[in-house]
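All residue numbers in this chain count up from 1 along the given sequence. Nothing here was measured: the structure is a model prediction, and the numbers come from that model.
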Amino acid sequence: MDVKAGQQLEVTSTRELLDPSAGTARLQVVIPVALISFFYANMLDYALPLYLGARETAAELAGTSFPRGMYVTAAIWRVTPWVIGPIMAGLGSRLFGERRVWALALFAKVAVPLSLAAHPHPETIASLAIWQGFTGALMWIAGLSLVQMVARERKGFANGLLMTSMGVGSLLGPICGRVLLYRQEMSDLVSSDGVGAALSRLVGLNPMTSRPGLSDFELLFWVLTGTTATCAFLIGMWGQRPGRFQRDPHPNLVQTLADLKTLATMPTFWALVIPLCLFGGAVFGVGNYYLPSRAEELGLKSGSSDNGWIWLTLLKTLMWIPGGLAVGLLAGRRAPGIAAVLMIGGFSLGATCIGVSQVAWQLFASVAVFEFVRQFMRWSHGGYLTEHIGDRLRPTAIGFAITFSGLGETVYGWVAKAIWDPDLPGFESWKPVLLASIAGLLAAVGLFVFDRWRPIRDPGVEPAGNSSTKPI
């Protein structure tokens, strides 16, 4: 009995004490599921701007209209649920377990590609974007937290694998998406000119001669439906070893509320969350909202026609592989505050370069830098943060941290849209891009000043969340 709290203490089982692998993530399941999940996300990211362009063309031929700025609007709606989704994911993971939350989110996400295959009304697309964002928030927080549930000496390895799988899955997604969209043209080329000519056309060395119609997108959406359902089953059944993770206390509402109070009064938590998540969220919006617009302005896409968009998409995802490997070198080392300054500063500089690019090669170089640093920013919301506040607070802290990232990106998206409406003629995407990049650079300066005054990493102080994690 806890005399002070007047509550019964739950006792860790003998098996959990003796088995260090109890409750740990099965990386042989988790990493492939993460890879396929990123495959889903990036196939959809590649295809959606082209699909919406095809919807515009179909509407013109039918004598109706389709919103010109539908992609930006849908992207903002997709991010909006991240204001509340990460909190729910963090609390849900704390109470019910990361594996269950991740599997449930994957099952729920099946509704998105299924609905898109029916070519829904624009208002329905906005609703699907909200659902995509909400389920994505549940997946990301639960998955990122589950990957942290490994032996301490394997944290760098696990985080590096996660970020690298993100790059590999994201690289395969656009390529497979292009094959599915241009499958008829590719099949005709193989029959007439051989595999070499088809591959040359596939990778963009020679331009495609056809333009995808709405029917060409339907198979792609069915593929996404099948892969998502399969991932949900795999992670739900075998994503985690039996037992309770050795550094996790028994989940209960009282402890969860105590964690929230601890986080609310922890200066280190706020010092990292405000610049990396709140202001960093706005910088994430540069790639999530306006990269297709910048590509179209520089001639890389036109409606549903891919004039180089595939190369930009592949470069974006390709850079996640070295970025993920670099994260693996830094993870688990409790890197000092200057590392966080470099993350948000480098991310914002990359966004600035995207905004000021005047020709295609400048945009390619800027995106390469931006996407490389993006991996560090993603990791900073989970791995880097928990290294400085402790494992006991892990799921709750990650949920609230990414909530602030969603809040920053959402506020930025709606404010930028109100100032520069993408549906109006003469819209120039470099203006909202520079707004986000300037905010990120100011955040980097603020974090640098704080770290000089009160170091993020104090070698003499153990993270608060680690002080009471020993099993009883």
Side-chain angles (χ1 to χ4, degrees), residues 23-44 77-117 127-150 158 162 165-166 169 221-245 248 250-253 255-256 259 378 381-382 394-403 405-406:
T24 55
R26 281 196 175 105
L27 295 182
Q28 65 268 36
V29 175
V30 168
I31 297 304
V33 167
L35 187 151
I36 296 172
S37 298
F38 296 128
F39 170 89
Y40 165 102
N42 285 272
M43 182 186 285
L44 190 60
W77 277 120
R78 184 183 65 182
V79 171
T80 300
W82 284 73
V83 175
I84 187 65
I87 296 177
M88 297 179 65
L91 295 178
S93 297
R94 182 74 175 79
L95 294 172
F96 307 112
E98 288 86 345
R99 176 178 58 85
R100 291 186 182 91
V101 173
W102 192 357
L104 180 63
L106 282 165
F107 273 120
K109 190 178 284 289
V110 168
V112 175
L114 269 178
S115 300
L116 287 174
S127 300
L128 290 173
I130 295 172
W131 188 244
Q132 170 82 356
F134 178 69
T135 54
L138 296 181
M139 283 176 51
W140 178 244
I141 279 70
L144 186 59
S145 184
L146 182 59
V147 168
Q148 310 309 313
M149 296 170 68
V150 294
L162 175 67
S165 73
M166 180 184 297
F221 293 139
W222 280 108
V223 169
L224 294 180
T225 298
T227 56
T228 304
T230 301
C231 285
F233 179 75
L234 290 174
I235 205 70
M237 293 296 295
W238 301 291
Q240 188 177 10
R241 293 179 178 86
R244 184 171 59 83
F245 185 49
D248 277 354
H250 287 285
N252 60 76
L253 184 58
Q255 184 60 59
T256 301
D259 289 349
R378 284 168 164 158
H381 297 172
R394 183 191 65 252
T396 309
I398 292 175
F400 271 84
I402 300 182
T403 288
S405 179

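Nearest heavy atoms, V79 versus G406: CG1-O, 3.9 Å. Looking at every heavy atom in both residues, T403 comes nearest to V83 through CG2-O, 2.7 Å. Across every non-hydrogen atom of V101 and G92, the tightest pair is CG2-C, 3.7 Å. L162 approaches L144 most closely through the heavy-atom pair CD2-CD1, 3.8 Å. Summarising the geometry of M139 relative to A105, their closest heavy-atom pair is CG-CB, 3.5 Å, with the distance given to 0.1 Å. The two residues W102 and A142 come nearest to each other via the heavy atoms N-CB, 3.8 Å.
The side-chain heavy atoms of T228 and I36, taken from C-beta on, include no pair separated by under 4.5 Å. The shortest side-chain heavy-atom distance between W222 and L114 falls under the 4.5 Å cut-off. Under the 4.5 Å side-chain criterion, counting only non-hydrogen atoms from C-beta, R378 is in contact with W140. Here the side chains of L104 and T135 are not in contact, with every heavy-atom distance at 4.5 Å or above. Between R26 and Q240, the closest side-chain pair of non-hydrogen atoms is not below 4.5 Å.
Checking side-chain atoms of W82 against main-chain N and O of G133 turns up a donor-acceptor pair under 3.5 Å. Although no hydrogens or angles enter the test, the distance criterion places a donor-acceptor pair under 3.5 Å between the side chain of R241 and the main chain of A25. With hydrogens and angles disregarded, a donor-acceptor distance shorter than 3.5 Å links the side chain of R99 to the backbone of G236.
Side chains of E98 and S145: a donor on one and an acceptor on the other come within 3.5 Å.
Interatomic distance, F233 CZ to W238 CH2, rounded to the nearest 0.5 Å: 4.0 Å. The line from OG of S37 to CD1 of I235 is 8.0 Å long, rounded to the nearest 0.5 Å. Rounding to the nearest 0.5 angstrom, the gap separating the CZ atom in R100 from the CG atom in L146 is 12.0 Å. In this structure, the separation between NZ on K109 and CG on L44 is 8.5 Å, given to the nearest 0.5 Å. Between the CH2 atom in W77 and the CD atom in Q132 there is a gap of 15.5 Å [rounded to 0.5 Å]. Taking CZ from F134 and CG from L138, the interatomic distance works out to 4.5 Å, rounded to the nearest 0.5 Å.
Paired with Y40 under the rule side-chain contact (heavy atoms from CB on, under 4.5 Å), one option of T225, L35, V112, L106 passes, and it is V112.
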* Please test L128 against L116 for side chain to side chain contact (heavy atoms under 4.5 Å, CB included), starting from the C-alpha separation and ending with a verdict. => CA-CA 8 Å; L128 290 173; L116 287 174; 4.0 Å; yes

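Residues that satisfy the side-chain hydrogen bond (donor to acceptor under 3.5 Å, both in side chains) test with T227, not counting sequence neighbours, are absent from this structure.
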